[in-house]
There are 2 protein chains.
Amino acid sequence: MSATSDREHEERYLAAYDPRDYDPVSVTVDVVALTIRDGTLHVLLVRRGNPPFEGMWALPGGFVRGVRDAEDLPEAAARELAEETGLSVKAGLARVHLEQLGTYGAPGRDPRMRIISVAYLAFAPELPDPRAGSDAADAAWAPVESLGLTEAATQWPGTTRRLAFDHARILADGLERARSKLEYTPLATAFCAPAFTIPELRAVYVAVWGEELHAGNFHRKVLSVPGFVESTGETTERGGRRGGPRARLYRPGDARLLHPALLRPSREEEIR
Amino acid sequence: MSATSDREHEERYLAAYDPRDYDPVSVTVDVVALTIRDGTLHVLLVRRGNPPFEGMWALPGGFVRGVRDAEDLPEAAARELAEETGLSVKAGLARVHLEQLGTYGAPGRDPRMRIISVAYLAFAPELPDPRAGSDAADAAWAPVESLGLTEAATQWPGTTRRLAFDHARILADGLERARSKLEYTPLATAFCAPAFTIPELRAVYVAVWGEELHAGNFHRKVLSVPGFVESTGETTERGGRRGGPRARLYRPGDARLLHPALLRPSREEEIR
DNA sequence: AAAATAGTGTCTTTCAGACAGTATTAA
DNA sequence: TTAATACTGTCTGAAAGACACTATTTT
């Protein structure tokens, strides 16, 4: 076989697999946006206004603009987060940490057509209540605990519904990623205001890990990790609600990795 | 606005974003397949037989079958790995560890059209030389070091070429993931034969991390981590090439996470 | 015999976690 | 005044890394 006919063969072969012709796959982004409210972990959900899964809660997301106004994946995630919730960059979206979580593409995960979804994970400081975007019936911060990801169905705002599509799995993966990231990166500060106290930082760990932490040991540990936090020299205006001295304020340091890491106390179950 | 016209609005809105109509995005899988050969880390590459980047080396990959014979993403990755290299499940592909690495979708990463690629990372024990698959001109295990990912262009089998598309970045991300996974999971055993010695396991760490490790401390450390390895009761038939006693043989244990982890010695640079 | 390697013992330093204790603030 | 809380001190045990050493094997 000559090189030319080889190439012709290759081109025919490639053309046969060009999905534009007859094998359409659509790409969406979905966002697991986490924040801390009232000391507990919340996730941003939208209520679907259309079938399938109409009326159920789902992660915010939508189609990636492919060719016309083509956008990169992180852009698409930020756009969906803004569009579907009414949160603007001005309203605090600028301080949100965004990272890719994973891609979910099992055939049948969307009953309408073949959709491959790139999931993003967002860590947000406390943000205002969202308003429903263009194709959502509602939007709200939902307490993660209330979604009962480990148990069977559960209740949240008056329903017993689970999340639409495979979003429960995506959320579970996002939570595990968040718990893990808190161990070896300083990303807990992404949940905090620009200046925060060590007890506030500890509250983030407690909310995300779902475990109590020893206040004294945590304090000393955080200060001993180089670059985790740096002092602003200020303190809070008042002590705690129920008494106690005023706490010193810190801002995020320049470390990108925590060394040594802050390991979760009880991981024995996950090891095997 | 009535509920009905609401729904009609939503459907028009959704239809406007259905990429099947006018905004085509194609999805491929690419595989970063790593193995250890002659004590150094190698990656599986194919030489492109078609433009763009014709003649350059690239990661094995191809289009995901979307609707006709729809396949899940890990299936697509395994299929591409087999197709493009001639390696069969019988030839050892069954023992390959496959995990999702990340998704790369910057507009312009493929000059022909908008392509979003889901990258997979594979850890393989020593496998036979590949043969070129249907749309590759050649396929080979390439020493990772020779690709000079941190420096500028480099030489490998007679060329000074870099990898096609954004595959250098994908490979770099895969390498960092592999280095990191060796710290806190027992996946180093995925690079080994079913029965292996502690020095062989150490060679995996040395090859992936690119750092010498203290033999005695490594030995004691591996045996002290619960579930990392378990003894077969056997030893090697002969001692080392240049002398030394025969080594005991082990198989992978039942741990999914290493606790405590085996941390890389020098990560000071990466921390900030 | 010489050199290399497998595997073990020991010491020092670091760090996690338990616990106690002091100072400061709100109620 | 009481209770809660921020923060520090101290002790113990686990673990990492440096180093020395013995035993076994090949050349």
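Below, chains carry the letters A, B, ... as their sequence lines are ordered, and counting in each starts from 1.
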(message) Can you tell me how the ring of A:Y205 sits relative to the ring of A:F228, calling it parallel under 30°, perpendicular over 60° and tilted otherwise?
(response) perpendicular
(request) Would you mind reading off the distance between B:F218 atom CZ and D:dG17 atom P, rounded to a whole angstrom? (result) 12 Å
(request) Have a look at B:G239 and say if it touches a base, only the backbone sugar-phosphate, or nothing, with a 4.0 Å heavy-atom cut-off. (result) sugar-phosphate
(request) State which residue, out of A:D173, A:D30, A:D166, fulfils the side-chain hydrogen bond (donor to acceptor under 3.5 Å, both in side chains) condition with A:Y104. (result) A:D173
(message) Check the phosphate of D:dT5 against A:R242, side-chain N and O only, distance under 4.0 Å to OP1 or OP2. Yes or no?
(response) yes
(message) Working to the nearest 0.5 angstrom, can you tell me the gap between A:R251 CZ and A:D254 CG?
(response) 11.5 Å
(message) Below the 4.0 Å mark, does D:dT24 have OP1 or OP2 next to a side-chain nitrogen or oxygen of B:R246?
(response) no
(message) Quick check: do B:L73 and B:Y120 have side-chain heavy atoms less than 4.5 Å from each other?
(response) yes
(message) Taking donor-acceptor contacts at under 3.5 Å, does the side chain of B:R248 reach the base of C:dG7?
(response) no
(request) Take atom CZ of B:R241 and atom C1' of C:dA6, then tell me their distance rounded to the nearest Å. (result) 17 Å
(message) What is the distance, to the nearest angstrom, from the CD atom on A:E212 to the P atom on D:dT5?
(response) 11 Å
(message) Tell me the interatomic distance from B:L258, atom CG, to D:dA15, atom P, rounded to whole angstroms.
(response) 13 Å
(message) I need the NE2-P distance between B:H219 and D:dA18, as an integer number of Å.
(response) 18 Å
(message) Under a 4.0 Å threshold between the charged nitrogen and the carboxylate oxygen, would B:E237 count as salt-bridged to B:R246?
(response) no
(request) Name the nucleic acid region contacted by A:G216, choosing base, sugar-phosphate or nothing; use a 4.0 angstrom heavy-atom cut-off, strictly under. (result) base
(request) Check every atom of D:dT8, D:dA18, D:dC7 against the side chain of A:L223 and return the nucleotide holding the closest atom. (result) D:dT8
(message) I want to confirm an ordering. Mapping A:N217 and A:A247 to their closest nucleotides on DNA chain D, which one lands closer to the 5' end?
(response) A:A247
(message) I want to verify a distance call: between C:dC15, D:dG9, D:dA18, whose nearest atom is closest to the A:P260 side chain?
(response) C:dC15
(message) With a 3.5 Å cut-off and heavy atoms only, can you find an N or O donor on one side and an acceptor on the other between the side chain of A:R220 and the base of D:dG9?
(response) yes
(request) Would you mind classifying the nucleic acid contact of B:G244 as base, sugar-phosphate or nothing, using non-hydrogen atoms under 4.0 angstrom? (result) base
(request) Output the single nucleotide from D:dG9, D:dA6, C:dA27 whose closest atom is nearest the side chain of A:R202. (result) D:dA6
(request) Please tell me which of A:H214 and A:P245 maps to the more 5' nucleotide of DNA chain C, matching each residue to the nucleotide holding its nearest heavy atom. (result) A:H214
(message) I want to confirm an ordering. Mapping A:R238 and A:S224 to their closest nucleotides on DNA chain C, which one lands closer to the 5' end?
(response) A:S224
